[in-house]
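Per chain, numbering begins at 1; letters A, B, ... match sequence-line order.
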Amino acid sequence: MLQVAFIRENKEIVLKGLAKRNIKNAEELVAKTISADEERRAIQTELDAILAESNKLSKDIGQLFKSGETQKADILKKKTVQLKDKSKDLTETLQNKATELQELLYLIPNIPNEIVPGGTSEEDNQNIFQEGEIPTLHKGALPHWELAKKYDIIDFELGNKIAGAGFPVYKGKGAKLQRALINYFLDKNTAAGYEEVQVPLLVNEASGFGTGQLPDKEGQMYHDAQDNLYLIPTAEVPVTNIFRDVILKEDEFPICKTAYTPCFRREAGSYGAHVRGLNRLHQFDKVEIVRIEHPTKSYEALDSMVNHVKGILQELNLPYRILRLCGGDIGFTSALTYDFEVFSTAQDRWLEVSSVSNFETFQANRLKLRFKNNEGKSELAHTLNGSSLALPRVLAGLLENCQTPEGIKIPEALVPYCGFEFIN
RNA sequence: AGAGAGGUGGCCGAGUGGUCGAAGGCGCACGCUUGGAAAGCGUGUAUACGGCAACGUAUCGAGGGUUCGAAUCCCUUCCUCUCUGCCA
């Protein structure tokens, strides 16, 4: 959520940013927000004056009672009763206006960074880096869902029976490979200075609002109505919410956390070949990195996160590319996002395996995540996160790219974690 | 799930109707003191909103009520702890 004061004082920047995201009614939205804010402030000023008067009268009444001047006190009492009615009305008006403003603010996405390209869809994302050799596969090479079946390492059918589509069962070396990947990613992240944390997989409403999943993506999360808890769609939610309502000291930066969690997504509206196999699941494993940074350092941090993810993909020897997401494709809460995609050779398509973003103050404003700057004033911090990495598509890429007529050849870096070199 | 106790500032903790945004202590910051430090002494130390500012308003888990006036009384709700039950 943007700060109202920022919108008020930087209307042109906001409009320009919304234009880059192709928001249709941006002018109207911003105008409404600014006027709601003005009205809100006017009402508050009025209400404050009434309350101030009423507070003063109450004190006077106390004094009068003490000195026994009850008649005078009774006169003042009548006055305060009137003030009370007035203040009650105004309080309600104020609350309505504040809610109206809040709802408008929820509709305004983050302002994209200068370097975010314009564009309307994923077609317009900028390919800024690519490396790794796309292997030439042998004759009869298979997509990963066929390989999974052939070597009996992932059973989609069985998952169907137990839970439904999108909940695969990993078996034998498949299950072990999952565990190996998780440990490998966590080790890479902790070696790079991220502290490992284990967090709840269910979160409350406040946490959902804190990182911006609510109210925008309500339908995308599994919800337990009985206890009003949500299954996390990403570790970003619980990990970032560690810092909800926190005021940091400046010397606590940078804060770097990593967490492995399963992620749960309803993926309502997805269908077709693109959701085949591991391409899109309701439950999947992911290792996440989260950073809380000083505003002047957050873009440096974003670069370092990008380089970190790069290093992992290089070590896994997977062909990948990095995209800078365009205004039309970038997430609601993000100011700048880099997507990492691994080439899935047998499917002949790129699969997103990581998304690394700087949210600047957008999440921090909702989270009330601040720090004391050197003037002693509290200021919003910057939050960032990225996948390092999401498992299913890395696995898909691995299976497809590393297949040989003799079986799947496990990348060297993973062998110590798996304890085997081949799946055959 | 049942019974009981409790939620106050960064932390501990006092406060049962007015002068309480809240004693006292700890912590922290600055200053004095010192060769330097510790101790000691002094000063300061919540957050949000409005206002150029002075200052005003709100906040004692949250929401509502009683009252001229609520941290304090009443209702609802959430959370924590203890015991019992159940259980990996």
Side-chain angles (χ1 to χ4, degrees), chain A residues 1-9 33-105 198 200-210 214 223-230 238 241-253 255 262 292 361 363-381:
Chain A
M1 187 166 72
L2 294 176
Q3 296 171 92
V4 212
F6 179 85
I7 299 175
R8 196 197 307 153
E9 285 153 26
T33 306
I34 290 175
S35 73
D37 173 51
E38 270 168 14
E39 286 166 48
R40 206 211 98 244
R41 281 185 295 151
I43 296 165
Q44 196 190 322
T45 306
E46 197 185 339
L47 175 62
D48 282 358
I50 289 170
L51 289 174
E53 199 185 341
S54 157
N55 284 345
K56 192 183 165 296
L57 286 176
S58 290
K59 274 182 190 165
D60 292 346
I61 291 169
Q63 287 301 320
L64 290 172
F65 271 123
K66 253 185 194 160
S67 58
E69 301 176 74
T70 48
Q71 280 183 325
K72 279 189 184 172
D74 284 337
I75 296 169
L76 291 188
K77 265 197 197 179
K78 277 183 194 156
K79 247 184 164 173
T80 56
V81 172
Q82 287 177 346
L83 286 176
K84 199 182 163 188
D85 284 345
K86 236 185 184 174
S87 75
K88 235 182 182 171
D89 286 351
L90 270 179
T91 304
E92 208 188 317
T93 318
L94 182 67
Q95 251 165 20
N96 290 340
K97 197 46 85 176
T99 309
E100 184 190 324
L101 179 62
Q102 186 67 229
E103 275 162 8
L104 285 164
L105 287 171
Q198 260 191 32
L201 306 183
L202 282 91
V203 294
N204 57 27
E205 221 173 15
S207 294
F209 275 98
L214 293 174
H223 182 220
D224 163 25
Q226 196 161 14
D227 294 310
N228 197 22
L229 294 170
Y230 295 85
N241 271 282
I242 292 173
F243 299 95
R244 173 154 48 85
D245 292 320
V246 166
I247 300 178
L248 297 162
K249 292 194 188 109
E250 205 159 339
D251 61 13
E252 290 179 75
F253 292 124
I255 291 172
I292 316 290
T361 60
Q363 287 183 329
N365 188 32
R366 283 202 199 177
L367 290 161
K368 299 208 185 73
L369 165 50
R370 290 155 295 179
F371 68 97
K372 284 257 186 253
N373 64 22
N374 43 27
E375 287 165 15
K377 292 202 170 135
S378 47
E379 199 179 320
L380 292 174

Distance between P atoms of B/A23 and B/U43 (Å, rounded): 15 Å
Nucleotides bounding contact with chain A, strand RNA chain B, heavy-atom threshold 4.0 Å: B/G18 to B/G69
Near RNA chain B, under 4.0 Å by heavy atom, which residues of residues 33-44 of chain A? A/R40, A/R41, A/Q44
Answer with base, sugar-phosphate or nothing: what part of the nucleic acid does A/S58 contact at a heavy-atom distance below 4.0 Å? base
Which atoms form the tightest heavy-atom contact between A/R244 and A/A206, and what is the distance? NH1-CB, 3.6 Å
Indicate, with a heavy-atom threshold strictly under 4.0 Å, whether A/L57 touches base, sugar-phosphate, or nothing. nothing
Please report the closest heavy-atom contact between A/F209 and A/L214, naming both atoms and the distance. CD2-O, 3.4 Å
Taking the C1' atom of each, how far is B/G6 from B/A88, in whole Å? 29 Å
Please give me every residue in residues 86-102 of chain A whose heavy atoms get under 4.0 Å of an atom in RNA chain B, ordered by residue number. none
Take A/Q63 and A/K56, find for each the nucleotide of RNA chain B with the closest heavy atom, and name the residue whose nucleotide sits nearer the 5' end. A/Q63
Using the C1' atom in both, what is the distance from B/G31 to B/U80, to the nearest Å? 42 Å
Of A/E53 and A/T45, the one whose closest nucleotide on RNA chain B sits nearer the 5' end is A/T45
Does any non-hydrogen side-chain atom of A/N241 lie less than 4.5 Å from one of A/L367? yes
Got more than 12 heavy atoms from elsewhere within 6.0 Å of CD, A/E9? yes
I'd like to know if the side chain of A/T93 and the backbone of A/D89 have a donor-acceptor N/O pair within less than 3.5 Å. yes
Does any non-hydrogen side-chain atom of A/L248 lie less than 4.5 Å from one of A/L369? yes
Assign A/I247 to base, sugar-phosphate, or nothing according to its heavy-atom contacts below 4.0 angstrom with the strands shown. sugar-phosphate
What integer number of Å spans the C1' atoms of B/A46 and B/C11? 13 Å
Have a look at A/S378 and say if it touches a base, only the backbone sugar-phosphate, or nothing, with a 4.0 Å heavy-atom cut-off. sugar-phosphate
Stems involving RNA chain B, each a run of at least 3 consecutive Watson-Crick or G-U pairs under 3.5 Å: B:1-7 with B:78-84, B:10-12 with B:24-26, B:27-32 with B:40-45, B:46-50 with B:55-59, B:61-65 with B:73-77
Using the C1' atoms only, state how far B/C83 lies from B/C26, rounded to an integer number of Å. 33 Å
Which value, in whole Å, describes the distance between the C1' atoms of nucleotides B/G63 and B/G7? 16 Å
A/E100: what forms a salt bridge (Lys or Arg N to Asp or Glu O under 4.0 Å) with it, not counting sequence neighbours? A/K97
Kindly indicate whether the side chain of A/L202, heavy atoms from C-beta on, has any atom under 4.5 Å from the side chain of A/Y230. no
Taking the side chain as everything from C-beta on, heavy atoms only, tell me whether A/N204 gets closer than 4.5 Å to A/L229. yes
Contact check, side chains of A/L47 and A/T91, non-hydrogen atoms, under 4.5 Å: yes
Rounded to whole angstrom, note down the C1' distance from B/C20 over to B/C60. 10 Å
If you count the non-hydrogen atoms of other residues, nucleotides and ligands that lie under 6.0 Å from CD in A/Q198, is the total more than 12? no
Using a 4.0 Å heavy-atom cut-off, does A/N55 contact any base of the nucleic acid, only the sugar-phosphate backbone, or nothing at all? sugar-phosphate
Sugar-phosphate, base or nothing in reach of A/K84, heavy atoms under 4.0 Å: base
Taking the P atom of each, how far is B/G61 from B/C55, in whole Å? 28 Å
Side chain to side chain, A/N228 and A/H223, heavy atoms closer than 4.5 Å: yes
Please enumerate all residues that pass salt bridge (Lys or Arg N to Asp or Glu O under 4.0 Å) together with A/D37, with sequence neighbours excluded. A/R8, A/R40, A/R41
Is there a side-chain contact between A/I43 and A/E46 (heavy atoms, below 4.5 Å)? no
Would you call the rings of A/F371 and A/F253 parallel, tilted or perpendicular, where under 30° means parallel and over 60° means perpendicular? perpendicular
